[in-house]
Each structure stands twice: as structure tokens, then as C-alpha cells.
Amino acid sequence: MTVRKNQATLTADEKRRFVDALIELKRSGRYDTFVTTHNEFIMSDTDFGDRVGHRSPSFLPWHRRFLLQFEQALQSIDSSVTLPYWDWTADRTARSSLWAADFLGGTGRSRDSRVMDGAFAFGSGNWPIRVRVDGRGYLRRSLGAGGGLTLPTRAEVDSVLAMPTYDTAPWNSSSDGFRNHLEGWRGVNLHNRVHVWVGGQMATGVSPNDPVFWLHHAFVDKLWADWQALHPDSSYLPRGGTRNVVDLDDTMRPWNDVTPADMLDHTAFYTFDTAA
Ligand SMILES: [Cu+2]
């Protein structure tokens with residue numbers, strides 16, 4: 001059974017296996033197909049048109065399915081590997097062990113934001129950035145460099161978890177409700193702000209070029225599970241007949257064989273190290 005763990009609790013061996021599986025996925029070319037898919041959805045999801053991966057109710061089930069597919073790819077290389085999550089309310093500085101050279105490596109150098117240490121540094125030769133929106137073929141970060149930008153606090157997360165309604169019309173980046181506040185287009189801004197705090201590729205449509213993408217989204221996914229536990233009488237909305245939006249029982253691109261309803265119960269696929 002797959003148990004997703006807080007990244008701060010991983011053993012040295014678990015970190016090494018996770019990093020090695022990422023590098024093998026990259027070497028084989030499979031990793032970059034995930035970057036391409038994410039970028040295609042970022043480019044096509046629009047507030048008043050068809051929207052599936054982002055700025056819509058299916059943001060959460062779409063990313064749950066995307067992460068599952070990625071985790072299964074890692075497990076095809078090393079069956080002991082699972083996706084860790086990054087609780088950015090707790091591990092909230094560039095000095096966190098997450099950013100050490102034995103795990104994801106640190107922030108970029110000031111001149112060009114190039115990451116200089118760890119397995120994903122350009123100099124390691126393991127991590128060429130091929131799916132890109134500019135000419136730079138090296139991983140970049142500028143952790144917390146956006147003047148005064150800080151990661152969300154636990155109190156901010158709790159204020160969003162307290163929202164009882166999953167999502168509201170017009171089902172986009174202007175919606176009220178839990179989904180859009182977690183995604184971050186409205187209110188205290190959780191998920192979007194973390195992408196910006198990391199900087200570099202993480203602040204672009206090709207954000208899965210940085211392996212922290214998976215740890216960030218695994219925590220966003222856990223927050224959905226935590227919200228479900230807090231609001232057992234609330235569920236995914238909308239339930240049917242909504243133009244341009246994935247209703248509860250509609251299939252989601254690019255898979256076309258999975259619905260939000262199929263994704264509601266994460267325990268069918270994995271559990272977390274703490275009770276959700
Ligand atoms: Cu994201």
C-alpha cells in the first residue's frame with residue numbers, strides 16, 4: 001500500500017531512492033512528457049472557455065490523477081518509492097532540509113538563478129531542461145526572493161479549510177469557495193503563492209521541470225483530503241450540466257476514462273502518514 005510521507009521525515013535512504021527514480025525517469029524521456037502535458041493544460045485552461053487542469057473545480061481531481069500517474073511511473077523504476085509531500089506551512093525557509101544537497105538542492109545563484117548543488121543542478125548532467133518557455137536549459141530557483149513574499153501560514157491554511165462549499169459559479173478564477181481559495185486566485189492565496197515563492201521554472205507553465213512541483217502538489221492534494229474529513233457533508237461541485245466545466249461524472253482530458261467522482265476517495269490509491 002502506498003503511503004505518502006512528509007518529506008521532512010524521510011530517511012537518507014528514502015531520499016536517495018526518490019532522487020534516483022526521478023533521474024532515471026528523466027533519462028528515459030518519460031519525465032518530460034509530464035512537463036509537456038502540464039504546460040498544454042496551463043496554456044489551454046481559460047476562465048471563460050474549456051478548463052480542466054486549472055482555474056476550475058477539476059483542478060483538484062485533475063492534479064490527483066496526474067500525480068498518481070507520475071507516482072506509478074516512479075514505482076515502475078523503484079517499487080518502494082512514493083510521492084512525499086512538502087508542508088510549506090512548517091518547512092518555510094530556504095534552510096529547510098528539503099533544499100539540502102542530498103535532496104532537491106538549494107536556491108539559485110543571484111546572477112541567473114541557476115541551481116548549483118544537488119542532483120538537479122545543471123552541472124550534474126542529470127537534469128537538462130528540455131521542455132521550456134525560454135532558451136535556458138538549466139534548473140532555476142529564487143526561493144523567497146520576491147520582496148517580502150512568504151509562504152502561507154498554518155492559520156491561513158486553516159482559514160481556507162474552514163470553507164464549507166467546494167466551489168461556486170462561475171467555476172473559474174473569480175469563484176468563491178474552497179477550491180479557488182486553495183488554488184489561490186482569490187483570498188489569502190495558497191497554491192499559486194508557493195509556485196511564485198520557489199521562482200524559476202516553478203513560476204511558469206513548465207513548473208514540473210522542478211521536482212518540488214510533485215511535493216507541493218502532494219501537499220495541496222492532502223489539503224483536499226483534510227478538507228473532506230472536516231466537511232463530510234460537502235462534496236465536489238458542480239454535479240451536472242455545466243458548460244466548459246468538468247461536472248462530477250464527466251470524464252477529464254487527457255485520460256478520458258476518469259471522472260472527478262473516481263478521484264474523490266484517495267484511500268483507493270494511497271494513504272498519508274498522518275490521518276487525513
Ligand atoms: Cu501547481
Side-chain angles (χ1 to χ4, degrees), residues 4 7 22 31-47 51-71 73-74 83-89 91-92 98-99 104 120 129 131-133 139-144 146 149-152 156-157 160-161 166-167 171-173 175 177-227 246 252-255 260 263 266:
R4 294 191 180 169
Q7 60 78 26
L22 285 167
Y31 190 95
D32 288 336
T33 67
F34 288 90
V35 186
T36 298
T37 296
H38 187 268
N39 192 46
E40 285 172 355
F41 278 82
I42 282 273
M43 301 301 284
S44 68
D45 295 323
T46 58
D47 268 341
R51 46 198 186 276
V52 180
H54 307 85
R55 49 180 76 232
S56 65
S58 46
F59 167 69
L60 291 169
W62 189 92
H63 281 82
R64 177 165 286 175
R65 183 64 185 78
F66 190 57
L67 264 64
L68 265 173
Q69 187 173 11
F70 184 75
E71 184 171 56
L74 291 176
L83 280 186
Y85 62 86
W86 169 32
D87 177 352
W88 22 256
T89 71
D91 298 304
R92 47 187 302 105
L98 173 66
W99 308 111
L104 300 192
F120 309 100
I129 305 296
V131 182
R132 58 201 198 199
V133 289
L139 181 64
R140 289 178 290 120
R141 290 182 190 133
S142 47
L143 303 180
L149 187 69
T150 57
L151 290 167
E156 287 172 326
V157 165
V160 171
L161 290 177
Y166 177 77
D167 207 346
W171 320 109
N172 62 20
S173 73
S175 289
F178 169 69
R179 186 276 310 166
N180 196 37
H181 280 82
L182 175 56
E183 191 171 355
W185 303 109
R186 182 160 173 170
V188 295
N189 183 359
L190 302 180
H191 153 268
N192 286 345
R193 196 198 327 175
V194 175
H195 278 277
V196 175
W197 185 89
V198 174
Q201 281 90 0
M202 263 291 274
T204 75
V206 291
S207 49
N209 273 310
D210 191 326
V212 80
F213 173 91
W214 309 103
L215 286 77
H216 170 38
H217 270 278
F219 185 58
V220 171
D221 182 78
K222 182 176 186 298
L223 293 177
W224 184 24
D226 292 342
W227 177 86
V246 181
M252 294 186 285
R253 288 186 290 114
W255 309 286
M263 288 291 108
H266 71 280

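Treat the numbers as computed from the prediction; the structure is a model and nothing was measured. Both counts, for ligands and for their atoms, begin at 1 and track the order of listing. Basis for what follows: all heavy atoms, side chains included, without hydrogens, waters or symmetry-related copies.
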Mutual orientation of the aromatic rings belonging to F70 and W214 [parallel < 30°, tilted 30-60°, perpendicular > 60°]: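 The rings of F70 and W214 lie parallel, inter-plane angle below 30°.
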Measure from the Cu ion (ligand 1) to each N, O or S atom of [X] and report whether any distance is below 2.8 Å.
| X | answer |
| --- | --- |
| H216 | no |
| H54 | no |
| H217 | yes |

Electrostatic pair R55-D45, nearest N-O below 4.0 angstrom: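 Looking at R55 and D45, the cut-off is not met.
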Criterion side-chain contact (heavy atoms from CB on, under 4.5 Å) on V198 and W99, from CA distance to verdict: CA-CA 11 Å; V198 174; W99 308 111; 4.3 Å; yes
The Cu ion (ligand 1) to H191: nearest N/O/S atom name: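 The Cu ion (ligand 1) is closest to the H191 atom NE2, counting only N, O or S.
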Exercise: identify the closest heavy-atom pair between L151 and E156: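 Looks like O-OE1, 4.5 Å.
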